[in-house]
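Here the structure is laid out as structure tokens; the discussion comes afterwards.
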Amino acid sequence: MNEDTRPQKYVLRPEAEAAQPRRFLIDYQAELNPSQYEAAITHKGPMLVLAGAGSGKTRTLVFRVARMVEEGIDPTSILLLTFTRRAAEEMLERAGALLGAQCDRVTGGTFHSFANTVLRRYASLLGFANSFTILDRGDSEDVLNLLRARLGLDKKERRFPKKQTIMEIVSLAANKMCSVAEVLDDQFPHLFSELEELMRIDQYYRQYKHERSLLDYDDLLTKLRDLLRSHTEVADRLSHTFRYIMVDEYQDTNRLQADIIRALAHAHDNVMAVGDDAQSIYSFRGATVRNILEFPTLFPGAKIVKLEENYRSTQPILDLSNQIIVGAKDQYTKNLFTRRDKGVKPILVEAESERYQSRFVAQKILELREQGVPLTEMAVLFRSSFHSFDLELELAKRNLPFVKRGGFKFIETTHVKDVLAHLRIIANPQDAVSWHRVILLLEGIGPKGAEKILAHVVAGENQARRLAEYPGKGVIGDELRRLAALLAEVNTPEMKPAEQIEAVVKYYQPILKRNHRDDFPKRQKDLEHFIVITERYNSLEKLLADMALEPPNSSVGDVLATEREEEGLLTLSTIHSAKGLEWHSVFVIWATEGRFPSLYNKDDEEIEEERRLMYVAVTRAKEKLFISYPINVFDKATGMVLSKPSRFLDGLSRKIIEPVFLMEDDDSRDNAWRSSRYENGGSSSRSGSGRSSGGWQPNRKRF
DNA sequence: GTCACTGATCACATT
DNA sequence: GATCAGTGAC
């Protein structure tokens, strides 16, 4: 009381703090919901973000990067690991749009591309040349095939597994960090009798790669892990460089990748893993949902944040999604909800045959386009790449332009791989696999001849000269000198990669004509397209690494489609390749039991993964979802007739999904989908009214 | 040894 | 459809 007379106290803060209460350019709290906000502003320590489908995961990551940069964290100390390079680029672009160019300095990419970057610097510590060559899947298989023959396992009295199978086994062992025996025990019990030979091949394969500085996809990860383990000074340096690590799609990482993260983060533990256990779909690559479940064990004290509000889909689509996943043994329970409670029910279409399905999809797409939905906002998704073949014909017939994602890439075709092999021996003259491929292309030289020449060529330094000096007579001699001349011409540092490729393509043309007489013009076109793709590269090494790690996403046959891009393209995609994407309208085709899930997947875990795959498919849709299943499908492999909808959809209430049945339009009055009321009862006309040549249209009918 | 042709076999997803 | 093993002509 008696203090009245005293002047009031006013406390001055220390000068540092007095500087403006922190102001950010971005109002994070307004842009994000509370969970997203929490994830975005927490930077220290381990954190697991469980992000349901469409819950704004990418947005959260983007704002988190922006926030870190705004707080003054050096962008070069941030590492963003994603599933595809495209995903990383997109996120950093968006962060850049918020904040400006400094976000470009964040390191982003896939585990494999990150491993590649690190190993290009440190491979010599592990006894590899820093100019190592990356083997893609096909290359690796070729090596295995070679070793298989060398070990005399290709004789017909024993049915030894073929290269693809060997590759799968060897690769799974690497990714799951277990022995060949364990892989066999787990997934190939019928091959147990071959264990000894398989182990020998595995052994030789490692040795072969090591001697020639070849790394396959798995080696990129394995060697990075080894490097981090055996060279603590390198591990320290990397850990201090990358002080903030973010891993996207964590549900699709494997143990090896988890180990790498653990080691990279040892100096700080600042790791944010984002994922959704309900969307784990890569177990064939050794990914395990256990990774995400056990993250808190690997990083004790991890904070767990759940993103449960869905911003993508309407409530009816979400209802179906939830129904599909409810049967799963999902250990992190999430409760997806949306405020978008309007919307139409998903539609389940029974098609009498694949043709009907294709016609339905094409017609419906045209109709939606009429209604103003652009083609870029529509997608057709399927389990396996070949499921879309018939539809592709139908779309072409109706002049509907599309891109296809997933499946066989044109970079994997023989002719493109042939051309690439020439460039590889320039980048890495030790690369015997490519030498072999290149020499085998020459006229008059078969497997035996190639082996002999190869042995001579790689026996010493300056391989190109040794090739020219090889004592070959007649046609063979001419061929060898022609090849040597090409290599000499192209092996100059001044040439840009695209120019080198152009020279190789010119040289290769007669070979192409000889080997592919029937479709050689088509293949020639591919090669010209390939030159265009590579024009932006300045370094051959970078080009080769990119072609192996992040090949152009286009499939065979897309080359022509790109010319019409302005008007927008429809997307056809495998479900695997559709991960993380979304469209206004989505068609899921071939949802027939036996195809999806496939007859090949029988055990519980495989079925669970198929279920998650279906979940991923349906959660891509924002407004409209059409699922179709052809019936009366004869499966050659088993002799069974497939005639039921996928078990994930069968028996669902009509409150959840609207069944529709297709039939020809007899009176062919107009071209619109007739939205007539259901006819009652009657299974009599179930087989439609035959293939009348008149206008056809889908119709609705009660089952 | 190489090449062209035949018929059997087997097809999922991807860095 | 692509690949692969097997065959016979050069």
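Every chain is numbered from 1 and lettered A, B, ... according to where its sequence line falls, protein lines coming before strand lines.
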Out of B:dT14, B:dT15, B:dC12, which nucleotide sits closest to the side chain of A:R383?
->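 Shortest atom-to-atom distance from the side chain points to B:dC12.
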Look at the side chain of A:K163 and decide which nucleotide, out of B:dC12, C:dC4, B:dT15, has an atom nearest to it.
->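 The closest nucleotide is C:dC4.
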Value in whole Å for how far the [atom2] atom of [N] lies from [atom1] of [X]:
| X | N | atom1 | atom2 | value |
| --- | --- | --- | --- | --- |
| A:L572 | B:dC12 | CG | C1' | 17 Å |
| A:D219 | B:dT15 | CG | P | 18 Å |
| A:R137 | B:dT15 | CZ | P | 12 Å |
| A:I453 | B:dG1 | CD1 | P | 12 Å |
| A:F386 | B:dA11 | CZ | P | 11 Å |
| A:L172 | B:dT14 | CG | P | 16 Å |
| A:I281 | B:dT15 | CD1 | P | 11 Å |
| A:E610 | B:dA13 | CD | C1' | 9 Å |

Tell me whether A:Y282 is stacked on the nucleobase of B:dA13, counting only the six-membered base ring and applying the 5.5 Å and 30° thresholds.
->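 Answer is no, no stack.
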Taking only N and O in the side chain of A:S577, is any of them less than 4.0 Å away from OP1 or OP2 of B:dT14?
->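 Indeed, a polar side-chain atom of A:S577 lies that close.
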C:dG1 pairs with which nucleotide, Watson-Crick or G-U wobble, both distances below 3.5 Å?
->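 B:dC10 is the nucleotide pairing with C:dG1.
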Counting any heavy atom closer than 4.0 Å, what does A:I445 reach on the DNA or RNA strands: base, sugar-phosphate only, or nothing?
->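 Sugar-phosphate, no base atom in range.
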Determine the contact category for A:T110: base if any of its heavy atoms lies under 4.0 Å from a base atom, sugar-phosphate if only primed atoms, P, OP1 or OP2 are that close, otherwise nothing.
->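 Sugar-phosphate contact only - A:T110 comes under 4.0 Å of backbone atoms but never of a base.
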Could you walk me through whether A:H576 and A:F284 pass the ring-ring contact (aromatic ring centres under 6.0 Å, His included) check?
-> CA-CA 12 Å; A:H576 283 91; A:F284 63 89; 5.6 Å; yes
Check the surroundings of atom CZ in A:R121: do more than 12 heavy atoms from other residues, nucleotides or ligands lie under 6.0 Å from it?
->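 No, because the 6.0 Å sphere around CZ of A:R121 holds 12 heavy atoms or fewer from other groups.
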Atom CD of A:E89: over 12 foreign heavy atoms under 6.0 Å =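 Yes, the 6.0 Å shell around CD holds more than 12 heavy atoms from other groups.
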Any idea how A:H210 and A:F128 line up, ring-wise: parallel (<30°), tilted (30 to 60°), or perpendicular (>60°)?
->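 Because their plane-to-plane angle is over 60°, the rings of A:H210 and A:F128 count as perpendicular.
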Flag the pair A:D252 and A:K579 as a salt bridge only when some basic side-chain nitrogen lies within less than 4.0 angstrom of an acidic carboxylate oxygen.
->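 The answer is yes: the pair qualifies as a salt bridge.
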Pull out every protein N or O sitting under 3.5 Å from an N or O of nucleotides 8-10 of chain C, one pair per line with the distance.
none

Determine whether the aromatic ring centres of A:F242 and A:F114 lie less than 6.0 Å apart.
->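 Close enough - the centres of the two rings lie under 6.0 Å apart.
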Starting at the 5' end of DNA chain B and moving along, which residue's nearest nucleotide shows up first, A:T574 or A:K452?
->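 Between the two, 5'-proximity favours A:K452.
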Nearest-nucleotide 5' precedence on DNA chain B, A:E609 against A:R514 |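 This one resolves to A:R514.
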Working for side chain to side chain contact (heavy atoms under 4.5 Å, CB included), residues A:L119 and A:L215 | CA-CA 10 Å; A:L119 291 170; A:L215 269 73; 3.9 Å; yes
